[in-house]
Every structure is written in structure tokens, then in C-alpha cells.
Amino acid sequence: MLAGNSTGKEFVVTSFGESHGKCVGVVIDGCPAGVPLSEKDIQPELDRRIPPQLKIVSGRIEKDKVEILSGVFNGFTTGAPISMTVANKEADSSDYEAIKDLPRPGHADYPARIKYGGFNDYRGGGRFSGRITVALIMAGAVAKKLLSPFNVDVLAYSEAIGNVKVGKSLSPEEIRKRTYETSVRCPDLAAAEAMEEAIVNARKEGDSLGGIIECLALNVPAGVGEPLFDALDADISKILLAVPAVKGVEFGAGFASAELKGSENNDAYRMKDGKVVASTNNAGGVLGGFSSGMPIVVRVAVKPTSSIAKEQRTVNLQNMEDAKIKVGGRHDPCVVPKAVPVVEAAVAITLADHIIRAGLIPKALKERK
Ligand SMILES: Cc1cc2nc3c(=O)[nH]c(=O)nc-3n(C[C@H](O)[C@H](O)[C@H](O)COP(=O)(O)O)c2cc1C
């Protein structure tokens with residue numbers, strides 16, 4: 001029934017679990033043997049998922065602890081499927097009984113009920129909960145290990161929350177150093193403060209905010225990607241649109257390029273230290289579905305959290321009458337901060353898949369031994 005839970009052609013990531021079930025987990029098939037891997041590589045990525053500042057996140061603070069069940073032996077991947085789980089310990093299903101027949105506007109409740117005939121686990125959003133992104137974080141940690149021989153660095157941060165935007169240009173060093181110093185995952189400290197305030201205010205009003213996450217992938221070798229339908233930008237877009245609450249994806253100049261002339265939008269080439277480089281990066285590091293050798297720059301639009309305390313109109317699916325809903329329970333007034341490491345993981349997973357498909361990773365591993 002729930003077909004569609006796998007991504008990738010060589011590095012195949014399958015996500016499983018529901019928000020209030022026993023656990024959430026992931027199976028990775030196709031990870032080459034010989035990658036040094038232990039829980040210590042995964043846990044720090046999970047620890048970054050939830051900002052510790054209670055005022056901007058839901059009350060569901062999980063001490064997520066990864067368990068590797070298979071595919072790792074003596075500290076290295078074996079080539080067998082890697083399976084990993086995180087137990088759901090903090091689930092509180094009490095708020096969901098009252099609204100099980102009242103689909104939350106903006107959430108997956110109504111279409112999921114139609115598709116699964118009411119058999120789906122609706123507690124906590126079930127399979128459509130942000131908690132499912134734990135699987136992406138775990139697989140992303142493995143993908144990052146695969147990308148490390150190439151010095152590929154994937155860095156995401158909050159570029160905007162509501163109408164508060166980053167106010168300065170940011171170097172990769174700043175993004176690396178500062179992003180996780182702030183509750184909102186924004187390396188521009190002044191903007192971060194204003195973003196936090198905006199989230200706190202929205203929460204006070206029983207409302208929520210969305211935002212924009214930018215992700216850079218540095219040092220991706222040129223020529224990676226499999227056009228036509230597995231174009232690098234197409235595959236990255238697909239995995240990013242699978243992240244709950246993501247409603248838009250753009251690369252480089254993106255939608256703004258529609259207003260530019262060719263002479264403005266083209267990234268002119270020149271030689272630098274014996275290498276071909278582009279003077280600008282309006283393409284966002286992808287041309288013709290291949291990496292261009294320039295940084296991959298992708299931005300996602302994240303919608304405001306749908307579960308809000310403010311009263312909204314809905315319908316009662318038991319008696320099919322109009323109804324009102326105020327969503328209680330533990331919801332993030334803005335999911336952007338938690339989605340930042342998820343976006344990073346999603347991009348890393350797709351890059352790992354494509355770098356294996358380009359035949360680069362097994363060679364790199366052999367060279368390491
Ligand atoms: C990390 C993360 C946390 C989320 N937390 C919540 C939440 O607390 N409440 C909520 O209503 N939606 C939350 N969402 C968003 C919903 O899961 C999502 O809106 C819903 O599944 C409908 O899918 P769509 O918005 O992609 O169409 C979260 C999303 C992410 C990525």
C-alpha cells in the first residue's frame with residue numbers, strides 16, 4: 001500500500017515507521033563495503049535535529065538514540081543492507097483522538113484518509129509526521145561518510161523565516177561555524193535573533209511561520225548526474241519535495257532567472273589556475289542535469305506549520321457536517337529550524353547515489369585501504 005518509500009538507484013534508501021509507532025527507521029541498500037561507520041557517526045547528526053530552545057520547538061523533545069541493526073561489522077560497512085532505528089519514546093497520542101474525524105487544514109489527514117480508507121495510523125500525523133525525517137538524517141550521515149573522500153561539504157541553513165531574511169553574504173566557513181550556534185539554524189546572528197522573536201510572536205498568536213532553507217554542496221566534481229529523468233537537479237528536487245512541508249525548490253538564480261537576459265544569466269567561463277571555472281553561478285551548480293563543478297546552490301520554500309492553535313474551519317468526517325478545529329498538542333510553530341539538517345541530509349543522499357552511479361566511490365574506497 002505504502003509503495004514509494006525508497007529513493008536512489010545505487011544507494012537505495014528506504015524509510016519506515018510512524019510518528020507514534022515503535023520506532024522510525026531506515027534501510028540502506030547499495031552502500032559499498034569498507035566505509036568506516038559506527039553509531040558515533042550517526043548520533044551527532046541526530047543530536048543536531050532538535051534545537052534545545054523550547055520556546056521555538058514543540059514540547060516533543062526526544063532523546064533520539066540510533067541503533068545500527070545490520071550491515072556494519074568490525075567498524076566498517078560490509079556491503080549488506082544497513083538498517084538503523086530510533087525508538088519513539090515521547091509519543092503522546094491523547095490529542096489525536098479528539099480530532100481523528102476532523103482533518104487538520106494544511107496537513108495530510110484528509111487525503112491520507114481517502115487513500116487508505118481510514119486504516120492509516122493518524123496518531124501524531126502517522127507516516128506524514130515530521131518525525132519521519134529522522135530516517136533521512138540517519139541515511140544522510142552515511143551518505144556524508146561516502147562523500148568525504150571527495151571533500152564534498154553539504155551545508156544548509158535558514159535563509160529566511162517569515163519575512164525576516166539573512167541580511168549579509170555568508171561564507172561557507174561562517175555557515176559551518178555559526179548555523180548550529182543559533183536556535184533557528186541561521187549563521188547571521190542578528191537575523192537569527194529577529195527570526196527567533198518572530199517565531200515566538202507567531203506562537204503567542206496561536207499561529208505559525210514558514211521560511212526558506214538554502215543548501216550548498218561544495219566540491220562536487222563536474223559531470224555527475226544521469227540525464228534525462230535522473231538529472232542531478234531533478235533527483236535533488238524530488239527528494240527535497242518529499243520532505244514534509246517543502247513546497248518549492250529552486251537552483252541558483254531560480255525563479256529570478258526568468259526576468260534576466262541571456263547575457264545576464266549566463267555564467268561566463270574563464271581559466272583559473274589551469275582549471276575551467278565560471279565567473280558567476282546563476283545555474284546553481286547544475287547544467288544539463290550534470291554538476292558543473294561550481295557549488296550546488298539549492299533553496300527550498302517551507303510552508304508554515306499547518307497544526308495551529310487558532311480556530312479554523314474544517315469538516316467532521318463522521319457526520320459530514322461543517323466543523324471548527326483548534327489544534328492542540330505539541331507542534332512546532334515553525335518547522336524550518338528542524339528541517340535544516342534534513343535538507344542537508346537529503347542533498348547528501350542524492351549526491352552519494354549519483355557519485356556511486358558515476359563510478360567514483362568504489363574507486364575512492366579502494367584507494368583508501
Ligand atoms: C522536521 C519537521 C517537523 C514537522 N513538524 C510538524 C508539526 O509539529 N506539526 C505539523 O502540523 N506539521 C509538521 N511538519 C509538517 C507536516 O509533516 C507536513 O506539513 C504534512 O505532512 C503535510 O505534507 P506537505 O506539507 O508536504 O504537503 C513538520 C515537518 C518537518 C520537516
Side-chain angles (χ1 to χ4, degrees), residues 2 4-5 15 17-20 24 45-51 54-62 64 86 88 90-93 95-96 99-100 102-116 120-140 156 158 161 183-185 199 202-203 206-213 215 237-249 300-310 312 314 325-347 349:
L2 277 168
N5 292 291
S15 152
E18 292 92 5
S19 183
H20 290 194
V24 285
E45 300 280 330
L46 282 174
D47 293 343
R48 307 196 300 171
R49 199 177 79 87
I50 302 185
L54 257 180
K55 58 183 170 179
I56 66 145
V57 292
S58 75
R60 184 173 178 178
I61 298 281
E62 311 238 349
D64 287 335
V86 166
N88 291 328
E90 299 290 324
D92 174 1
S93 309
D95 288 301
Y96 288 89
I99 60 163
K100 78 178 165 45
L102 300 174
R104 289 168 292 170
H107 213 290
D109 304 345
Y110 176 67
R113 180 156 166 155
I114 299 296
K115 175 154 171 79
Y116 303 113
N120 58 299
D121 181 351
Y122 53 81
R123 298 167 304 161
R127 191 70 190 133
F128 310 96
S129 163
R131 179 134 186 87
I132 294 316
T133 59
V134 165
L136 284 176
I137 300 266
M138 292 191 282
S158 302
I161 285 183
S183 64
V184 291
R185 309 326 196 187
I199 296 175
R203 172 179 253 178
D207 222 324
S208 62
L209 291 178
I212 296 172
I213 298 170
C215 184
S237 301
K238 184 167 181 186
I239 196 168
L240 288 174
L241 285 166
V243 174
V246 168
K247 286 291 167 184
V249 179
V300 301
V302 179
K303 75 184 194 186
T305 318
S306 59
S307 304
I308 52 174
K310 252 190 189 162
Q312 297 171 91
T314 185
I325 185 171
K326 285 182 185 173
V327 184
R330 301 176 299 180
H331 295 281
D332 298 311
C334 177
V335 308
V336 173
K338 277 191 191 170
V340 165
V342 178
V343 164
E344 205 173 281
V347 171
I349 289 167

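Just follow the structure's listing: the first ligand is 1, and inside any ligand the first atom is 1. Note that the structure is predicted; figures quoted are calculated from it, not measured.
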Handout entry: Salt-bridge present (R131, D64; N to O < 4.0 Å)
Key = yes
Exercise for the section: Taking the side chain as every heavy atom from C-beta outward, state whether I212 and V302 have any pair of such atoms under 4.5 Å apart. Expected result: no
Completion exercise
Restricting to heavy atoms, the pick from V342, I132, V340, V335 nearest atom 28 (C) of ligand 1 would be V335
Practice task
For ligand 1, find out whether one of its N or O atoms is nearer than 3.5 Å to an N or O atom of D332.
Solution key: yes
Handout entry: N/O separation below 3.5 Å, A245 to ligand 1
Key = yes
Practice task
Give a yes/no verdict on whether any heavy atom in G125 is under 4.0 Å from an atom of ligand 1.
Solution key: no
Exercise for the section: Show which atoms of ligand 1 fall inside a sub-4.0 Å distance from at least one heavy-atom site of K303. Expected result: 19 (O), 24 (P), 25 (O), 27 (O)
Completion exercise
Note: ligand 1 atoms sitting under 4.0 Å from heavy atoms of F128 are 16 (C), 17 (O), 20 (C), 21 (O)
Handout entry: For H107, atoms of ligand 1 separated by under 4.0 Å from a heavy atom
Key = 10 (C), 11 (O), 12 (N), 16 (C), 17 (O), 20 (C), 21 (O)
Problem - Options G210, G130, P333, ranked by nearest heavy atom to atom 3 (C) of ligand 1, top entry - result: G130
Exercise for the section: Answer whether the closest heavy-atom distance between the side chains of R127 and D121 falls below 4.5 Å. Expected result: no
Exercise for the section: Applying salt bridge (Lys or Arg N to Asp or Glu O under 4.0 Å), name anything that partners D47, two or more places apart in sequence or on another chain. Expected result: none
Practice task
Could you tell me whether the side chain of S19 reaches within less than 4.5 Å of the side chain of I132, counting heavy atoms only?
Solution key: no
Practice task
Nearest heavy atom to atom 10 (C) of ligand 1 wins, so pick from I308, T305, V343.
Solution key: T305
Handout entry: The single option from I213, V243, V246 passing side-chain contact (heavy atoms from CB on, under 4.5 Å) against V342
Key = V243
Practice task
May I ask you to check whether S307 has an N/O atom sitting below 3.5 Å from an N/O atom of ligand 1?
Solution key: yes
Practice task
Please determine if K247 has a nitrogen or oxygen closer than 3.5 Å to a nitrogen or oxygen of ligand 1.
Solution key: yes
Handout entry: Within-4.5 Å side-chain heavy-atom neighbours: K338 and P51
Key = yes
Handout entry: Distance-only N or O hit between ligand 1 and R104, under 3.5 Å
Key = no
Practice task
Could you list which atoms of ligand 1 come closer than 4.0 Å to a heavy atom of K338?
Solution key: 1 (C)
Practice task
Would you please name every residue forming a side-chain hydrogen bond (donor to acceptor under 3.5 Å, both in side chains) with T314, sequence neighbours left out?
Solution key: none
Problem - Pick from A112, A108, P111, P244: the one approaching atom 29 (C) of ligand 1 most closely through a non-hydrogen atom - result: P244
Handout entry: Neighbour count above 12 (heavy atom, 6.0 Å) for K238 NZ
Key = no
Problem - H331 and R104, any side-chain heavy atoms less than 4.5 Å apart - result: yes
Exercise for the section: Using a strict 4.0 Å cut-off to heavy atoms of S306, name the atoms of ligand 1 that fall inside it. Expected result: 11 (O)
